[in-house]
Amino acid sequence: MLVGGCECGAVRYKVPDAFLYSLNCHCSRCWAATGSAFKALAGIEREKFEVTQGADTLFTYGEPDAHDTRCAVCGSLLFSVVRDGEYVHVAMGSLIDEPTIRPSDHIFVGSKAPWFEITDDLPQSVELE
């Protein structure tokens with residue numbers, strides 16, 4: 001099991017090191033949510049993700065089956081519930097332990113931040129395929 005959490009330590013979660021995919025998302029929503037050029041995310045089935053501390057301090061933005069979740073104390077982006085509520089996209093920057101998966105692609109590069117240059121050799125797609 002991997003442990004993750006927020007900057008201030010109020011929220012902790014655990015998730016198995018069994019992610020199905022990992023991507024760097026460059027959509028405008030992700031750069032607005034992260035305050036960065038993209039969100040490095042790792043996807044897993046929702047039932048495999050568990051908040052172990054601080055569930056009462058979570059802040060969600062969006063709908064029950066499609067939202068971003070942050071620590072309401074420090075504001076750290078922790079995860080997003082996606083794909084009709086069936087999956088969680090863990091913000092890889094919130095993982096404390098190192099996962100074995102690495103991002104395999106850059107997605108939504110058609111709307112990437114104009115001031116950011118992708119300099120690696122990972123595949124790029126304009127939209128999610």
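Since we're looking at a predicted model, the values are computed, not measured.
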For Tyr61, check side chain to side chain donor-acceptor pair (under 3.5 Å) against everything at least two apart and list the hits.
none

Between side-chain atoms of residues 70-78 and protein atoms elsewhere (two or more places apart, or another chain), which donor-acceptor pairs fall under 3.5 Å?
residue : atom : partner : partner atom : Å
Arg70   : NH1  : Gly75   : O            : 2.7
Arg70   : NH2  : Ala33   : O            : 2.3
Ser76   : OG   : Glu7    : N            : 3.1

Can you check whether Lys112 reaches Cys27 side chain to side chain, under 4.5 Å on heavy atoms?
no

Mind checking who shares a hydrophobic cluster with Ile118, ILVMFWY linked at side-chain heavy-atom distances under 4.5 Å?
Phe38, Val109, Trp115, Phe116

Listed partners of Thr119 passing side chain to side chain donor-acceptor pair (under 3.5 Å), at least two apart
none

Just grab all the salt bridge (Lys or Arg N to Asp or Glu O under 4.0 Å) pairs involving residues 71-88, residues at least two apart or on different chains.
none

Test side chain to side chain contact (heavy atoms under 4.5 Å, CB included) on Ser28 and Phe108; report intermediate values, then the result.
CA-CA 9 Å; Ser28 58; Phe108 295 111; over 6 Å; no

Taking side chain to side chain contact (heavy atoms under 4.5 Å, CB included) as the definition, give me every residue that meets it alongside Thr60, ordered by chain and number, with sequence neighbours left out.
His67, Thr69

For Asp120, the side chain to side chain donor-acceptor pair (under 3.5 Å) test, sequence neighbours excluded, returns His106

Ile101 versus Leu20, closest heavy-atom pair with distance:
CD1-C, 4.4 Å

Salt bridge (Lys or Arg N to Asp or Glu O under 4.0 Å) involving Arg29 - partner list, sequence neighbours excluded
none

I'd like to check the ring pair (Phe, Tyr, Trp, His ring centres under 6.0 Å) partners of Tyr21; sequence neighbours left out, ordered by chain and number.
His89

Any Tyr13 side-chain heavy atom under 4.5 Å of Ser94 side chain
yes

Taking side chain to side chain donor-acceptor pair (under 3.5 Å) as the test, write out the residues that go with Asp65, two or more places apart.
none

Under 3.5 Å, side chain of Asn24 to main-chain N/O of Lys39, donor-acceptor pair present?
no

Quick check: closest heavy atoms across Pro103 and Leu122, and the distance to 0.1 Å?
O-CD1, 3.6 Å

Check for a donor-acceptor pair, side chain of Trp31 on one end and backbone N or O of Cys25 on the other, with a separation under 3.5 Å.
no

Please lay out, stage by stage, how Val82 and Val88 fare under the test side chain to side chain contact (heavy atoms under 4.5 Å, CB included).
CA-CA 6 Å; Val82 298; Val88 169; over 6 Å; no

Distance-only criterion, 3.5 Å: show the donor-acceptor pairs between side-chain atoms of residues 40-53 and protein atoms not counting sequence neighbours.
residue : atom : partner : partner atom : Å
Glu45   : OE1  : Lys48   : NZ           : 3.4
Arg46   : NH1  : Gly85   : O            : 3.2
Thr52   : OG1  : Arg12   : O            : 3.3
Gln53   : NE2  : Gly9    : O            : 2.8
Gln53   : NE2  : Ala10   : O            : 3.4

For residues 88-104, the salt bridge (Lys or Arg N to Asp or Glu O under 4.0 Å) pairs (sequence neighbours left out) are Glu98-Arg102

Membership question, hydrophobic clusters at under 4.5 Å side-chain separation (ILVMFWY): are Val81 and Leu95 in the same one?
yes

Determine yes or no for a side-chain-to-main-chain donor-acceptor pair under 3.5 angstrom, with Thr34 supplying the side chain and Ser36 the backbone.
yes

Looking only at non-hydrogen atoms, find the nearest pair between Gly5 and Ile96 and report the distance.
N-CD1, 4.0 Å

Contact check, side chains of Leu23 and Ser104, non-hydrogen atoms, under 4.5 Å:
yes

